[in-house]
There are 2 protein chains.
Amino acid sequence: MATIYDIAKKANVSPMTVSRVVNNSGKISEKTREKVEKIIEELNYIPNNAARSLTLKQSKILSLVITDITNPFYTKVARGAEDKAKQMGYRLLLSNSDESFEKESEYVDMLISSGVDGVLMAPSGDESQKNLKTLIKNRIPFVLIDRHVKGIDCDLVMGDSYQGTRQLLEHLIGQGHSKIALINGPTNVSTAREREKAYFEILRLAGIEADKKLAANISYMQNDSYKFVKNLISLPESKRPTAIFAANNFIAINTIKSLRQLNVRVPEDIAVVCFDDPDPIPDFNPFLTIAAQPAYNFGYMGIQLLIERIEGNGPAEKQKVILPPEIIIRSSSLKK
Amino acid sequence: MATIYDIAKKANVSPMTVSRVVNNSGKISEKTREKVEKIIEELNYIPNNAARSLTLKQSKILSLVITDITNPFYTKVARGAEDKAKQMGYRLLLSNSDESFEKESEYVDMLISSGVDGVLMAPSGDESQKNLKTLIKNRIPFVLIDRHVKGIDCDLVMGDSYQGTRQLLEHLIGQGHSKIALINGPTNVSTAREREKAYFEILRLAGIEADKKLAANISYMQNDSYKFVKNLISLPESKRPTAIFAANNFIAINTIKSLRQLNVRVPEDIAVVCFDDPDPIPDFNPFLTIAAQPAYNFGYMGIQLLIERIEGNGPAEKQKVILPPEIIIRSSSLKK
DNA sequence: TATTTTTATGTTATGGGTAACATTTATAAT
DNA sequence: ATTATAAATGTTACCCATAACATAAAAATA
C-alpha cells in the first residue's frame, strides 16, 4: 500500500507537501497540487489511519455501547446513531454489554485502546460509574442514553419514565384496574428506579393502595418472570392483579409467554402494558399497549451531543435532553 | 495517558520489556513480570492501538456491512458477529448500506482508510462486485454473508434458498394450494434470484403450471407491495392466488399489512409464508409460517471464516458454508 | 535595484509500539 | 574453573503522517 513517501518521491516533492495536498491545508501552488493529485490517483493512495490517529490523536471512530442489539429498542438507537455518525464523517464501533458491568468494563478497555474519539453508552447500571470514570481519566468524551448513572454529571439523552409510567397507569386505571402489578428491571438501573418510584406515586395519587407484594425486580437480561407471574396468578382473587405493568418490551413479552403457559389470557384475564415496542415494525402486531420512546432519536441526538462535545463547539454545560414517550393503546389492555 | 515508556521508567526496565510483559511474548523473569504488572495496574496503562496498528499493520477492527440493522434477521447476524469478534479479540464497525450500492461504496472507502483488518458483508447486489474489487485491490480480506455476488469467488456463509423455498412451497401445496404468488426481492440479489428459480422449478415438479403474472420483484428496502397485492386480489377467482410466498420477513409483513387494508384475511382468505422471522423473539407472535435461517450463525461463522482468512490459518481454498433453514409452520398458512 | 513581505516548499522531531538484533546475566556442561 | 548454552533484558530503527520550525522562491514595495 502506497504511503505518502512513495507519492513524494514519485512527484519529486517532500512528504509534507503531499500531506498538505491530501488534507487541503497550508498553501500549495496549483501546479504541484495537480501533479501530486495525479500520482495519488495513480498509486491508489489511501491515507493510513493508524499513523494519522497516532499524531492527531483522533480516530474519527465513535463507540456505541448498548446492552443488546437484539432488542428492537436498541436496534433503533443504533440505527439513529449510525445515521448521524455517518453524516458527520464518523464511524461506529458496536458493543453489546448484555447488561453486565464486567462485559461493559472489558469493552471500555478495548475502546480506550482503540482510541475512539467518544462513546455513546447505555450504561448497564449504577456500577457503570467506575467505567465512566475510566473514560474520564482517559479524557474520552461520552454521552449517556436511556439511563443516567448516579454520581456522573454528563450529557445525556433519555426518556421520561415518569410521564410514560403515568400515562400507562392512568390508562389502566381508566380501564377499571386497581390491582396493578409491576414487573420491573433491577433498581441499579435508573429507568427501573424511576419507573418504580412513579408507579408507587401515581397509584397513591389515584387513591390506590399499592401492595408491595405486587412489585418485583427481575434482570433485564435473564428476564425470567415465570416464577413471579405464577405467584401473582395463585394469589386469592381479592389480591390477584388484573393488570401488569412491565418495565420494558422484553419483560412484557416474557410475561405474556409465562401467562400463556399458565393458561391466563391477555387481555381477558389480565391486561399487560409496558415501555417500548417489541416489534421492529409498528402496526404489524397491534397487540401491546406501550409507552413508545423515540429510540431512533436517542441514538441520533446522542451522537450529535457527543460530536459537539468532541469537537468542542457545543455549550460548555452538560446537556440533558429528555424525550417524551408516546402512549399507544392496543388490545393487550383493552376489555373486549 | 500512560505509555509504555512511562511504565518502563517507573519500573526501571526498558520499554521493550514492558512490551513483552503486555504481550506475553519472549522470556521475562517472574520477578520483573510482577514488578511491571504492578506498575501497569498502578498507572492504569492501556496500550495504544494506533501505535500498535502502525507497526503490526493490523488494527483488530473488522467491519460488518449489512443492509439494515433494523431488520431482526440482520440484528441476529450482527449479534453473532459481535460475539465471535469479541471472543477473538476483535472489534466491529457497523455499517448500514440500505440496499444501496452507492451507500455501500461510501462505506467501503471509509473502511479502507480506517484500516480495518477485514470485512463481513451482506452485499447490496451484484453491482457490489465493484466494491469488492476495491477491497481486493487494497488487500482487505472479506467474507460474504447471506448473498453471493456474480463474478466474485470468496468465502461465504449463506442459507439454502432452494431448500427453504421447497419446504415452504411443499407445505403450501400440501395444504391444497395451487395458485401461489411470489413477492420477491430484486433479481440483482442472489437470494432473490435463487428463490425465484426454485419457485418455478418446484411448482413445475409438483405439476403446477406457474403463472408469471403471479410473480413480482419489489425492492427489499422500499418494499411497497400494495399495488401488486391489490392486483392479485382483483384477479378473477379462477386466477386469484390462495397463497403468497414472500421472499423475506419485511416483504411478508408489508404484504400482510396490504392485505389487511384490502380486507383480505390471513390465513382464511389467503395464506402467507416467507423466509426469516420478523420478530426478535420467537414464539411471541406465533403467526407467520417461515423458513427460519440461522442468522446468528451467519454472523458468527462469517467472522470465524474472516478471521481465519486474516490470520492465514484456514484452508487456502475459499470456503462456502451453506446453512439449511428450518421450516416453522404457524397459523399464517394453516386452514382453521 | 535593494529590501520587505508573502507564498511555497522542505527538514526535523515526534507520536507509541515492536521486530530484529545485541548484550548481559544466569545456568548447565566439560 | 572454564566454556558453552540458555535466559533475560536492552538498543536501534522503523511503521506513516503531521506539527512546528526553517528556508527558498516569488511578488510587492521602497
Side-chain angles (χ1 to χ4, degrees), chain A residues 1-37 39-40 43-61 109-117 138-140, chain B residues 1-40 43-61 89 112-117 138-140 311:
Chain A
M1 211 167 129
T3 75
I4 224 167
Y5 292 88
D6 302 329
I7 311 291
K9 192 182 288 180
K10 199 152 184 182
N12 231 305
V13 296
S14 76
M16 199 56 223
T17 302
V18 180
S19 170
R20 283 192 262 255
V21 170
V22 172
N23 297 294
N24 229 303
S25 63
K27 328 217 164 201
I28 330 116
S29 71
E30 208 35 54
K31 205 166 10 139
T32 33
R33 148 160 282 128
E34 271 165 26
K35 182 173 59 173
V36 170
E37 268 168 355
I39 294 174
I40 285 177
L43 298 195
N44 234 300
Y45 167 75
I46 293 178
N48 179 321
N49 229 266
R52 226 181 216 169
S53 298
L54 191 56
T55 31
L56 299 185
K57 285 154 189 316
Q58 52 133 292
S59 59
K60 290 280 180 181
I61 294 181
D109 283 356
M110 280 176 119
L111 297 176
I112 292 171
S113 101
S114 300
V116 299
D117 292 344
N138 287 83
R139 288 196 207 77
I140 297 182
Chain B
M1 206 169 132
T3 75
I4 222 166
Y5 293 88
D6 303 329
I7 311 293
K9 193 181 289 179
K10 198 151 185 184
N12 231 304
V13 294
S14 75
M16 199 56 224
T17 301
V18 180
S19 170
R20 283 192 261 254
V21 171
V22 171
N23 296 294
N24 229 302
S25 63
K27 329 216 164 200
I28 329 117
S29 70
E30 210 33 56
K31 207 170 5 145
T32 33
R33 148 159 283 128
E34 271 164 28
K35 181 173 59 174
V36 171
E37 268 169 355
K38 206 174 121 249
I39 293 174
I40 284 176
L43 298 195
N44 237 300
Y45 167 76
I46 293 178
N48 179 322
N49 228 264
R52 227 180 216 171
S53 299
L54 192 56
T55 31
L56 299 185
K57 285 154 190 318
Q58 51 135 290
S59 60
K60 291 279 180 181
I61 294 182
I112 292 172
S113 96
S114 301
V116 300
D117 292 343
N138 289 83
R139 286 195 209 78
I140 298 182
E311 303 186 345

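Just so you know, these numbers come straight off a predicted model, no measurement behind them. Numbers restart at 1 for each chain; the letters A, B, ... are given by sequence-line order, proteins then strands.
Here the straight-line distance linking atom NZ of A:Lys60 with atom OG of A:Ser53 works out to 11.0 Å at 0.5 Å rounding. Put simply, NZ on B:Lys57 and CZ on B:Arg139 are 11.0 Å apart, with the number rounded to the nearest 0.5 Å. The CG atom of B:Leu54 sits 6.0 Å away from the CG atom of A:Leu54 when rounded to the nearest 0.5 Å. The line from CD of B:Glu34 to CD1 of B:Ile39 is 12.5 Å long, rounded to the nearest 0.5 Å.
For DNA chain C, the contact window with chain B, defined by any atom under 4.0 Å from a protein heavy atom, covers C:dG16 to C:dA20 in 5' to 3' order. If you walk DNA chain D from 5' to 3' and mark each nucleotide with an atom closer than 4.0 Å to a heavy atom of chain B, the marks span D:dA7 to D:dC16.
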From CA spacing to verdict: side-chain contact (heavy atoms from CB on, under 4.5 Å), A:Ile140, A:Leu111
CA-CA 10 Å; A:Ile140 297 182; A:Leu111 297 176; 5.9 Å; no
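Looking at residues two or more places apart in sequence or on another chain, you find no side-chain hydrogen bond (donor to acceptor under 3.5 Å, both in side chains) involving B:Glu37. The side-chain hydrogen bond (donor to acceptor under 3.5 Å, both in side chains) test applied to A:Asp117 returns A:Ser59, not counting sequence neighbours.
Taking every heavy atom of residues 5-16 of chain B and every atom of DNA chain C, pairs under 4.0 Å involve B:Tyr5, B:Met16, by number. Residues of residues 48-56 of chain A that place a heavy atom closer than 4.0 Å to DNA chain C, in numerical order, are A:Ala51, A:Leu54, A:Thr55. Scanning residues 23-40 of chain B for heavy-atom distances under 4.0 Å to DNA chain C yields B:Asn23.
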Atom pairs and distances, donor-acceptor, side-chain atoms in residues 24-31 of chain B, under 3.5 Å, two or more places apart:
unit_1  : atom_1 : unit_2  : atom_2 : d
B:Asn24 : OD1    : B:Arg33 : NH2    : 3.4
B:Ser29 : OG     : B:Thr32 : N      : 3.3
B:Ser29 : OG     : B:Thr32 : OG1    : 2.7

Can you give me every donor-acceptor pair (side chain of residues 7-15 of chain B, partner residue at least two apart or in another chain, under 3.5 Å) with its distance?
unit_1  : atom_1 : unit_2  : atom_2 : d
B:Ser14 : OG     : B:Met16 : N      : 3.4
B:Ser14 : OG     : B:Thr17 : N      : 3.3
B:Ser14 : OG     : B:Thr17 : OG1    : 3.2

For residues 44-52 of chain B, which side-chain donor-acceptor pairs fall under 3.5 Å, sequence neighbours excluded?
unit_1  : atom_1 : unit_2   : atom_2 : d
B:Asn48 : OD1    : B:Ala50  : N      : 2.8
B:Asn48 : OD1    : B:Ala51  : N      : 3.1
B:Asn49 : ND2    : A:Ser113 : OG     : 3.2
B:Arg52 : NH2    : B:Asn23  : OD1    : 2.8

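Using five terminal pairs a side, the axes of the helix from C:dT1-D:dA30 to C:dT30-D:dA1 at its two ends make an angle of 40°, given in steps of 10 degrees.
In this structure, A:Thr3 contributes its side chain and A:Tyr5 its backbone to a donor-acceptor pair below 3.5 Å.
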